Amino acid sequence: MLSMTAIAVVRLRSLFGVVMLFGIYSLLSALIFVVLDAIDVAFTEAAVGAGVSTVFMLATLVSTGREEKPSRYSPLLPLGVVVVTGAALVWGTLDMPHFGDPGNPVHVHVADRYVQVSPTEVGIPNMVTSVLASYRGYDTMGEVIVIFTALVGVLSLLTIRGHVTVPRHRTTGPDSRPYPVLQVMAMLLIPFILVFALYVQFHGDFGPGGGFQAGVIFASAIILYALTFGLNDAVALVPVWLIRVLAAAGVLIYGGTGVVSMLRGANYLDYDVLAHDPVHGQHYGILIIELGVGITVATVMIGIFFAFVSRAEGSR
Amino acid sequence: MVFSLFNYWVVIVLMMAGFYTVIASGNLVKKIVGLNIFQTSVFIMYISVGKVIGGTAPIVAANTELYSNPLPHVLILTAIVVGVATTALGLSLIMRIRQAYGTVEESEILDISTREDEAG
């Protein structure tokens with residue numbers, strides 16, 4: 001089914017349809033991740049792929065047009081290249097380890113330690129969170145910095161111009177609430193989305209969740225607000241300077257935690273020394289850096305969305 | 001067991017679909033969608049490699065001994081969020097290209113820039 005959707009995406013010429021199908025495709029792949037036991041990943045994919053990235057692509061289509069023009073080149077050459085590459089890869093898989101075998105190479109090195117020791121050493125049940133935030137803390141910090149850099153890049157390419165234009169639906173009398181049904185529904189939903197985001201943020205140690213997912217869910221609440229009430233109101237709610245400051249602050253919290261553990265005489269991002277008991281220290285450390293991750297991810301997503309929409313409105 | 005390699009073949013089909021979109025389509029937005037499909041195929045490959053048959057999700061629970069491998073989950077979880085950030089960067093580049101050239105079709109952009117080169 002996933003392959004069918006992917007091929008439909010390739011064939012379709014209407015870009016609007018492509019983007020919509022791509023959202024469905026992301027949701028389907030999230031289902032596959034659930035089946036494969038990767039609940040945290042499925043969570044992220046559903047929030048990011050089916051939610052935020054679809055909105056980003058739609059915002060792009062507003063300013064770039066909805067139809068794809070037929071290519072002047074014959075599709076046969078690329079098709080041939082693809083078939084040959086695919087055949088070579090299939091041939092390569094014949095030597096690959098079989099699906100689901102516990103003796104596969106990936107399961108025999110560090111994974112054993114994560115599964116066996118991490119519940120007692122780090123003290124939290126969700127192994128994904130403990131690997132993400134503690135054992136591979138450097139790696140995750142790099143990812144957060146990449147996301148922050150993406151925001152810097154987007155903001156240097158597109159400027160946010162939310163406060164320049166007069167709010168449209170306030171100036172005209174009878175049309176003062178252009179989409180009343182949508183706005184009332186959004187008002188009902190947004191508080192629950194925000195509460196859910198906070199739950200995912202702080203419960204990530206015990207169940208599926210964590211800073212990445214919570215950040216995206218939080219951002220999607222603000223994006224929903226911006227979609228139904230207009231960009232100006234949303235920028236009034238979350239000003240641009242706040243986005244810049246908070247996105248940097250999230251990275252600073254993460255990096256600062258590492259510096260604090262260094263000042264206390266341990267290695268960078270070693271949380272054992274943050275409290276009297278190493279397990280408690282690990283717990284505090286993970287909570288703090290997940291907070292940093294959540295803040296950065298949420299503000300970066302909101303910032304990118306604002307930049308896209310103000311560009312799209314400006315091009316009309 | 002023929003089907004024990006089935007996960008890799010699904011990944012390859014998806015990967016090639018994305019690859020084909022990137023090289024055969026002239027539209028820049030569609031190229032980005034193709035890149036995303038390619039990316040998802042890599043995600044599915046990692047996650048399927050981490051699966052252990054009979055295992056459960058890697059969250060400690062009573063009466064469970066066998067868990068799937070948490071490491072690929074961590075790598076892919078962060079990769080998804082980084083992926084959307086880089087996609088956004090690509091899309092904003094496309095918006096600027098559209099502003100500069102008035103089109104997002106690769107062949108038309110090439111035409112315009114060759115004409116500009118000839119003119120001056």
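Values in this document were obtained by computation on a predicted structure and should not be read as measured data. In what follows, every heavy atom counts, from backbone to side chain, and hydrogens, waters and symmetry copies are set aside.
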Okay, A:Met57 and chain B: the region with an atom under 4.5 Å from a heavy atom over there is both
Heavy-atom distance under 4.5 Å to chain B: side chain of A:Val41, backbone, both or neither? both
Quick check on the interface: out of A:Val293, A:Leu89, A:Asp139, who has the most heavy-atom pairs with chain B under 4.5 Å? A:Leu89
Please walk me through it: do B:Thr78 and A:Thr44 pass side chain to side chain contact (heavy atoms under 4.5 Å, CB included)? CA-CA 9 Å; B:Thr78 49; A:Thr44 320; over 6 Å; no
Measure distances from A:Val154 to the heavy atoms of chain B and classify the residue's part below 4.5 Å as side chain, backbone, both or neither. both
I'd like to verify something: which residue of A:Val83, A:Leu79, A:Val144 has the highest number of heavy-atom pairs under 4.5 Å with chain B? A:Leu79
If you tally heavy-atom pairs under 4.5 Å against chain A, which of B:Val74, B:Ile32, B:Ile76, B:Ile23 wins? B:Val74
Hey, what do you get for OG (A:Ser29) to CG (B:Leu14), rounding to the nearest 0.5 Å? 9.0 Å
With a cut-off of 6.0 Å (strictly less than), are more than 12 heavy atoms of other residues, nucleotides or ligands near CE of B:Met45? no
Contact class of A:Leu77 relative to chain B, heavy atoms under 4.5 angstrom: neither
How long is the gap from CG on A:Asp40 to CG on B:Leu77, to the nearest 0.5 Å? 5.5 Å
One should read off an interatomic distance between B:Met95 CE and A:Phe308 CZ, to the nearest 0.5 angstrom, of 5.0 Å
Where on A:Ile304 is there a heavy atom nearer than 4.5 Å to chain B: the side chain, the backbone, both, or neither? side chain
Using atom types as modelled and distance alone, determine if a side-chain donor or acceptor of B:Arg96 lies under 3.5 Å from a backbone N or O of A:Leu157. yes
Take A:Phe56 and B:Thr87 through the test side chain to side chain contact (heavy atoms under 4.5 Å, CB included) and record every step on the way to the result. CA-CA 9 Å; A:Phe56 286 170; B:Thr87 303; over 6 Å; no
Identify the two heavy atoms, one from A:Val90 and one from B:Ile12, that lie closest to each other, and give their separation to 0.1 Å. N-CD1, 3.6 Å
Assess whether side chain to side chain contact (heavy atoms under 4.5 Å, CB included) is satisfied between B:Val84 and A:Met301, documenting all intermediate values. CA-CA 9 Å; B:Val84 73; A:Met301 295 299 153; 3.3 Å; yes
Between CD1 on residue A:Ile32 and CD1 on residue B:Ile44, distance to nearest 0.5 Å: 4.5 Å
